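Written below as structure tokens is the structure these notes are about.
Please read all numbers here as calculations on a predicted model, not as lab measurements.
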Amino acid sequence: DGTRNLVHITAHRARLLPNILRVLCAVRRSGRHHDVISRAMSSSLKFTMTAPEIVKTVQDITSRLAGDIDAMVSAVAASPEPQTFAATFGKLDAALAEAALASSQATLPSLVTGDADPAAVKASSDAKSQLQKTFDGVFRRDDLYAALKRCDPADAAVTPARTLYRTRVLDGFQRNGVELSKETRAQIESIDAELSQCTVAFESNLNSDNTTVALTPEELVGLPESFIFALPPAEAKEDQGKLLVDMKAPIRIPVMRQASNRETRRRVENASQNRSVDTNTPLLLKLVQLRHRRAVVLGYASHAHYMLAPKMAGTPDRVAEFSMDIASKLAATHQAELSSLEKYKKEAGDESPLESHDVAFYSRVAKEAQHSLNDTEIQEFFPLEHVVGAVLDIYQDLFGLKFIELQTSAERTKEDEAIPKKWHDAVRVFAAHDAKSNELLGHFYLDLFSRPGKFGHQCVVPLAPSFLRADGTRVTPICAILGNMTKATAERPSLLRHAEVSTLFHELGHVFHAVLTKVDYSIFSWTWPMMPWRGGVEQDYLEVPSMALEQFTYRVDVLSRLSKHYTTGEKLDEGLIKRISAAKFFLASMRYRRFLALSTFDMAIHSSDAPYSWGGVEGLDMHALWVAIYTDLAGYPPADKTFMPATWYHMIIGYDAGYFGYLWSEVYAYDVLEPFEKHSLDGGEAGAAALQDLGMRFRQCLLEPCASVPATEMLENFLGRPPSDSAWIAKVVQ
């Protein structure tokens, strides 16, 4: 249509039209064109449910959703006339929206409650599986599919959002096999039930894993004393005098980077990569087999073909081309980087070949030698409390927002009551408002530290979708960061490694993608496959905004704001900041080739049934395939007698045949980031105004529409041209 054609303009003209682009983004993001003043709060939600409450909630959601859809189907069947969009797809979305809104209170406890209430965790894990079946079941109903097809196509085409909604919903039915025979569909449902059980078990095994390695202080030489003596003592009689190293990133990563004892590093790496391996290896094998069988029954060549069909990449061949092209371009620098680490290892008196447990250690040694960067000293400039405040300030300025912290005392205010009570004392809660209008946009929770039994990976989970009710009230989104940051000790506050600062900036990018979403239909709201309800952007776009924003943590002006020494209050000096920024791509080829090893393995196991082949070798089982791909692309073998994929959350939280999307997103993120590099936070009023202008375009073009506009179109709207990989190639492939 006319608005879409306007954004296909040349790059030099795009630079002259930022205001036009902003208007186009705002117009395209919604199918309804009226102001909605009233806001529907989600205070009725409860995130601290007991097991019986969770069971009852799931029953209520399932019953209400079925009843709402039954009523819509009956109303359509009773009328011989063509049906309106509101009477069909609109009613469906209203039912799905209310069900999604109520679901998070049943599914969240499995991720955050941990050892505090094992019964609630079990009930919540079961709830996720049951709700997945419930939401999937909606897209299997013949009567509902028939009712939706009664919608007048002209009424469904009134706005681009309606057209896209109709396409995605009907595609959801077809991808569930609704047009296949009853026997075939029964087979798919049976497979889905098994898949759900395996997924829940795999995740539960990892969440409940408490693997530790008992080590003496002498075996931890190289680490700061403050780190060593903050470790808990071992309680087993045979380990008296030893300290426990757990597998959480804030503990494991410093050990792998700084422990000079090679055997210590080997033991910790092996323990980490063998977590739940005995229980999860057979589960992963079964999951992959079931996924392949399901895809073939649906008429796809493989699970990868099935998963990629609705994504930007489209096909496994396109992903393979993308991945191998990058691997080839990085080959020369990759080999040079490996050789440099081998040199440092030999200089340390170790002539043995470089192994996986050496990489993090000698990467640090090389970084300190070549860039004069000491990560332990730098960490002292990033106390978490200051970093969180500074990052939020930057996001406020960039996106025109105002944050208000809630639930800070035992006495609850009216604003506190408008949002569900936090589930742990360490959690912080914020309301996000538009800075100019003071409009409430949404809420977010920060749960930044690990706890026994808590979800062990960094992620953002949606807790309430964005949608517009039929009466005109808008339900504002809610989400939460589930983090795994370095904790405070008796001597020091929580001090973040620079990598953790980048992670926080990245995850908050997801938060504001979720919170700033403003869509009419819940299926367009921010979510991802970890949640049981439908919705969200194309998965290989999901990381684009947060990947772009994460890069801010290498900017000199941003690092100056984020740093504050935990005792002196000093900022990082400009010379050190420039060295951190200059080291951004240090050993980048090794990092990217290791990533490609993981993403290529993911695509390989999901592109065909076992046995597999790689590099001309046939008949490989999954473990042999893993070793072959990893060794080939990373340049060294994985840890001996381990199987890291059995510990890999991404294989069961929606990134199956999709892990490549992180790098795919990063490539486009650099294209999006390029306009920001021309302006500085320290550039006076003009620089600040230019960044705020870009930030508002970013917000309106790339965040607010969420899934109501196709990903490629959002990128074109922001850039004023088709997206390109040239910015990423120029920076990374040197």
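Atom NZ of K578 sits in a sparse spot, with 12 or fewer heavy atoms from other residues, nucleotides or ligands closer than 6.0 Å. Crowding of E368 atom CD: a count of heavy atoms from other residues, nucleotides or ligands under 6.0 Å exceeding 12. The 12-atom threshold is exceeded at NZ of K343, counting heavy atoms of other residues, nucleotides or ligands nearer than 6.0 Å. Annotation: K311, atom NZ; neighbour count of heavy atoms from other residues, nucleotides and ligands within 6.0 Å is above 12. Summarising the local packing, CD of E347 is surrounded by more than 12 heavy atoms from other residues, nucleotides or ligands at distances under 6.0 Å. Heavy-atom contacts from other residues, nucleotides or ligands closer than 6.0 Å to CZ of R594 number 12 or fewer.
Within the model, atoms CG of L702 and CG of L719 stand 7.5 Å from one another, a figure rounded to the nearest 0.5 Å.
A side-chain donor-acceptor contact under 3.5 Å links R265 to the backbone of A259. Put simply, the side chain of R591 gets close to the backbone of F586: a donor and an acceptor are under 3.5 Å apart. Looking only at distances, a side-chain donor or acceptor of E337 sits under 3.5 Å from a matching main-chain atom of S589. Formation of a donor-acceptor pair under 3.5 Å by the D540 side chain with backbone atoms of W664 is not found in this model. No donor-acceptor distance shorter than 3.5 angstrom exists from the side chain of T264 to the backbone of S260, with no hydrogens or angles considered. Proximity of a side-chain donor or acceptor of N717 to a complementary backbone N or O of C701 within less than 3.5 Å is not detected. Listed for the K345 side chain is a donor-acceptor partner under 3.5 Å among the backbone atoms of P353. Put simply, the side chain of W728 never gets that close to the backbone of L663: no donor and acceptor are under 3.5 Å apart. With hydrogens and angles disregarded, no donor-acceptor distance shorter than 3.5 Å links the side chain of T642 to the backbone of M644. Side-chain N or O atoms of K454 include one that pairs as donor or acceptor with a backbone N or O of G483 at under 3.5 Å.
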Take R561 and D393, measure what salt bridge (charged side-chain N to carboxylate O under 4.0 Å, His left out) needs, and give me the verdict at the end. CA-CA 9 Å; R561 290 197 180 192; D393 284 345; over 6 Å; no

Decide yes or no on ring pair (Phe, Tyr, Trp, His ring centres under 6.0 Å) for F552 and F676, but give the supporting numbers first. CA-CA 9 Å; F552 274 62; F676 289 93; 5.7 Å; yes

Ring pair (Phe, Tyr, Trp, His ring centres under 6.0 Å) between Y554 and H498: does it pass, once the steps are laid out? CA-CA 9 Å; Y554 289 90; H498 179 256; 4.8 Å; yes

F595 and E666: CA distance, side-chain angles, deciding distance, side-chain contact (heavy atoms from CB on, under 4.5 Å) verdict: CA-CA 12 Å; F595 173 89; E666 183 176 324; over 6 Å; no

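The nearest pair of heavy atoms linking Y344 to A369 is OH-CB, 3.6 Å. L572 approaches S563 most closely through the heavy-atom pair N-OG, 3.1 Å.
Residues K248 and D246 are not paired through a salt bridge, judged by the lack of any N-O separation under 4.0 Å between the basic side chain and the carboxylate.
Residues Y649 and Y655 place their aromatic rings such that the two centres sit no closer than 6.0 Å. Centroid-to-centroid, the aromatic rings of F512 and F403 come within less than 6.0 Å.
Looking at F718 and V672, their side chains come closer than 4.5 Å, going by heavy atoms from C-beta outward. Counting only heavy atoms from C-beta outward, the side chains of F229 and E491 never approach each other to under 4.5 Å. V667 is not listed as a side-chain neighbour of V732, based on a closest heavy-atom distance of 4.5 Å or more. Between F643 and W626 the shortest side-chain heavy-atom distance falls below 4.5 Å.
A tilted orientation is assigned to the rings of Y670 and F585, their planes being inclined by 30° to 60°. Taking the six-membered ring where the residue is Trp, H457 and F455 present perpendicular rings, their angle passing 60° and hence far from 30°.
Among the candidates R266, E263, Q273, the single residue satisfying the side chain to side chain contact (heavy atoms under 4.5 Å, CB included) test with H357 is R266.
Counted by atom type alone, Y636 and E342 present zero donor-acceptor pairs between their side chains at under 3.5 Å.
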